[in-house]
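Note that the structure is predicted; figures quoted are calculated from it, not measured.
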Amino acid sequence: MTHINDASALPVTWWKSSYSDSGAQCVECGIVSSTTIAVRDSKDPDGPRIGLSTSAARELAERIKRGALDL
């Protein structure tokens, strides 16, 4: 995982889940390269982002789906 303070120059098209509505608390994802996915807070699009390898992003999504990260 990498932390990106200003990813505005990255060639990324951001998207969020089709389950999100306009007021939802959600994250947005973008493909940076064939090996890196960027993630940002949808409420702070100019704020910091993190970069995940595609395998780490896949594992995170699987853990979320299983409820492994529920509080």
Side-chain angles (χ1 to χ4, degrees):
M1 178 172 60
T2 58
H3 181 268
I4 305 163
N5 284 322
D6 181 9
S8 61
L10 291 175
V12 176
T13 299
W14 297 97
W15 77 90
K16 57 183 162 183
S17 170
S18 60
Y19 291 98
S20 299
D21 61 24
S22 61
Q25 304 279 336
C26 61
V27 298
E28 295 176 321
C29 298
I31 298 172
V32 176
S33 70
S34 62
T35 60
T36 305
I37 304 293
V39 181
R40 70 180 181 182
D41 182 343
S42 65
K43 296 177 303 310
D44 188 11
D46 295 324
R49 286 89 166 168
I50 58 171
L52 300 171
S53 68
T54 52
S55 61
R58 188 177 302 110
E59 174 63 24
L60 176 60
E62 290 171 4
R63 292 181 70 195
I64 291 169
K65 287 178 187 178
R66 288 194 313 262
L69 303 176
D70 292 351
L71 298 177

Next on the checklist: If you count every heavy atom of other residues, nucleotides or ligands that lies below 6.0 Å from I31 atom CD1, does the total exceed 12?
Outcome noted: no

Checklist outcome for this item: Residue pairs meeting salt bridge (charged side-chain N to carboxylate O under 4.0 Å, His left out), one or both in residues 29-42, sequence neighbours left out, come to E28-R40, D41-K43

Item to check | Option from I50, V12, V32, T54 for which side-chain contact (heavy atoms from CB on, under 4.5 Å) with I37 holds | outcome: T54

Checklist entry - How close do C26 and S42 get, heavy atom to heavy atom, and via which atoms? => result O-OG, 3.0 Å

Checklist entry - Where is the tightest heavy-atom contact between G30 and W15, given as atom of each residue plus distance? => result CA-CZ3, 3.4 Å

Next on the checklist: Under the side-chain hydrogen bond (donor to acceptor under 3.5 Å, both in side chains) definition, can you give me all pairs with a residue in residues 56-65, not counting sequence neighbours?
Outcome noted: none

Item to check | Side-chain donor/acceptor of T36 to backbone N/O of G51, under 3.5 Å | outcome: no

